[in-house]
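Worksheet for the structure shown next.
Indexing begins at 1, ligand by ligand and atom by atom, following the structure's order. What you see is a predicted model, and the numbers here were worked out from it, not measured in a lab. Hydrogens, waters and symmetry mates are skipped; everything else that's a heavy atom, side chains included, is used.
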Amino acid sequence: MRGKFITFEGGEGAGKSTQIERIAKNLTRAGHKVLVTREPGGSPGAEAVRHVVLSGAAQKFGSEMEAVLFAAARGDNVQQIILPALESGTHVLCDRFMDSSRVYQGVSSGVDMEFILGMEQAVTEGARPDLTLIFDIPPELGLQRASKVWAEDGPDRFESDTLELHEKRRQGFLDIAEAEPDRCVVIDASQSLPQVRKATDAAIAKLFPKPKKATGKPSARKKAKVTAK
Ligand code: T5A
């Protein structure tokens with residue numbers, strides 16, 4: 001059976017990586033095959049692109065160029081890592097995916113949405129998420145959390161954007177969730193870790209219904225037959 005594809009989206013420092021790591025462990029413990037990947041990155045080719053976009057080296061070429069680079073990296077990750085895993089029955093958990101391009105490059109950087117969606121269609125062929133968890137957090141709180149894990153070189157190309165842009169992104173993710181309620185679940189990521197854990201687990205559980213436990217009792221029909229003897 002094909003694996004499930006679950007993507008994790010939201011603003012900076014929303015707690016996606018923390019939950020992905022935990023969910024991967026839980027699913028593995030429950031006997032599932034799980035692969036964790038991230039964007040930009042995942043495959044060797046896409047990891048090379050990650051450095052170019054997050055260092056800010058591509059910024060001077062404009063937002064369209066950045067959008068193309070994110071799409072190219074996504075295409076490589078889909079072909080090399082995501083699709084082979086899904087087809088072999090492995091569940092894939094991906095830290096950011098196509099919604100990040102819609103929001104960061106489309107909504108906040110003003111790249112034409114038709115252009116973004118066209119590239120999305122081309123590179124995600126056969127790999128559309130079954131479930132997308134959107135971690136919603138006020139940008140000030142997210143950035144405060146993220147700053148605790150920044151490397152010595154400080155915030156990256158996107159983390160260092162203005163608060164106004166981070167607010168636009170937050171709304172962009174919420175708009176996607178509203179437009180695609182069958183795919184997206186919004187998690188209030190400003191809550192405490194145990195609360196976020198609970199909300200995340202509830203959303204994931206819907207994709208992995210537990211098999212019904214056998215009661216050991218004969219069914220009503222069988223029972224009737226036995227009584228008739
Ligand atoms: N990008 C990406 C685009 O512009 N276009 C695209 O198409 C794509 C794919 C990627 C950047 O690239 C941009 C978006 C991003 O700016 P990244 O380095 O991969 O950047 O970083 P992020 O995905 O933004 O990940 P972060 O590390 O910033 O955030 P996470 O993963 O959401 O947060 P996490 O789990 O690392 O948690 C941060 C801190 O908060 C704590 C954790 O312990 C950790 O210290 N924490 C909590 N504290 C209190 N309460 C809770 N509930 C907590 N949950 C976590």
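With rounding to the nearest 0.5 Å, the separation of NE2 in H91 from NZ in K4 is 7.5 Å.
The closest approach between any non-hydrogen atom of K148 and ligand 1 is not below 4.0 Å. The closest approach between any non-hydrogen atom of R74 and ligand 1 is below 4.0 Å. By the 4.0 Å heavy-atom criterion, R157 is excluded from the residues contacting ligand 1.
Residues D99 and F173 form a side-chain contact, since some pair of their non-hydrogen atoms from C-beta on lies under 4.5 Å apart. At a threshold of 4.5 Å between non-hydrogen side-chain atoms, the residues C184 and I176 count as touching. Residues E39 and S100 are not in side-chain contact: their nearest non-hydrogen atoms beyond the backbone lie 4.5 Å or more apart.
Of the candidates I137, T7, L193, it is L193 that places a heavy atom closest to atom 54 (N) of ligand 1. In this comparison of E9, R197, R145, the heavy atom closest to atom 48 (N) of ligand 1 sits on R145. When the heavy-atom distances from atom 11 (C) of ligand 1 to I116, L54, V53, D95 are ranked, the shortest goes to L54.
Distance from atom 33 (O) of ligand 1 to its nearest protein heavy atom, with residue and atom name: G15 N, 3.1 Å. Protein heavy atom in closest approach to atom 16 (O) of ligand 1: E12 OE2, 2.7 Å. Nearest non-hydrogen protein atom to atom 13 (C) of ligand 1 is F158 CD1, 3.9 Å. Protein heavy atom at the shortest distance from atom 3 (C) of ligand 1 is F70 CZ, 3.2 Å. Of the protein's heavy atoms, Q105 OE1, 2.8 Å lies nearest to atom 5 (N) of ligand 1. Given atom 27 (O) of ligand 1, the protein heavy atom at minimum distance is S17 OG, 4.4 Å. Nearest protein heavy-atom neighbour of atom 34 (P) of ligand 1: T18 OG1, 3.6 Å. In terms of protein heavy atoms, atom 26 (P) of ligand 1 is closest to G13 N, 3.8 Å.
In summary, the atoms of ligand 1 found under 4.0 Å from a heavy atom of E159, numbered by their order in the structure, are 28 (O). Close approach to V149 involves these atoms of ligand 1, each under 4.0 Å from a residue heavy atom: 45 (O). Proximity to R50 (heavy-atom distance under 4.0 Å) selects the following atoms of ligand 1: 17 (P), 18 (O), 19 (O). Near E39, the atoms of ligand 1 lying under 4.0 angstrom from a non-hydrogen atom of the residue are 9 (C). If you number the atoms of ligand 1 from 1 as listed, the ones under 4.0 Å from a heavy atom of V196 come out as 52 (N). Listed by number with element, the atoms of ligand 1 under 4.0 angstrom from any heavy atom of S101 are 6 (C), 7 (O). Proximity to Y104 (heavy-atom distance under 4.0 Å) selects the following atoms of ligand 1: 3 (C), 4 (O), 14 (C), 16 (O). Close contacts of ligand 1 with Q191, meaning ligand atoms under 4.0 Å from a residue heavy atom, involve 50 (N), 51 (C), 52 (N).
Annotation: H32 is in aromatic contact with F208 [ring centroid separation under 6.0 Å].
A salt bridge does not link E164 to R170: none of the charged nitrogens lies less than 4.0 Å from a carboxylate oxygen. By the 4.0 Å N-to-carboxylate-O rule, R22 lies close enough to D201 to be salt-bridged with it. Look at K16 and E9 and you find no salt bridge, because none of the NZ, NE, NH1 or NH2 atoms lies under 4.0 Å from a carboxylate O.
The backbone N or O of G89 sits nowhere less than 3.5 Å from a side-chain atom of R2 that would complete a donor-acceptor pair. Without hydrogens or angle criteria, T124 side chain to A127 main chain gives no donor-acceptor distance under 3.5 Å.
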Problem - Criterion side chain to side chain donor-acceptor pair (under 3.5 Å) on N77 and T37, from CA distance to verdict - result: CA-CA 8 Å; N77 195 24; T37 185; 3.2 Å; yes

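When non-hydrogen atoms are compared, ligand 1 lies under 4.0 Å from the backbone of S192 (N, CA, C, O) but not from its side chain.
Counting heavy-atom neighbours within 6.0 Å of E125 CD, excluding the residue itself, gives a total of 12 or less.
In summary, of the residues considered (E66, R96, R169), a side-chain hydrogen bond (donor to acceptor under 3.5 Å, both in side chains) with Y104 occurs for R96 alone.
Cation-pi check for R74 over F97 is met; the charged atom lies under 6.0 angstrom from the ring centroid and within 45 degrees of its normal.
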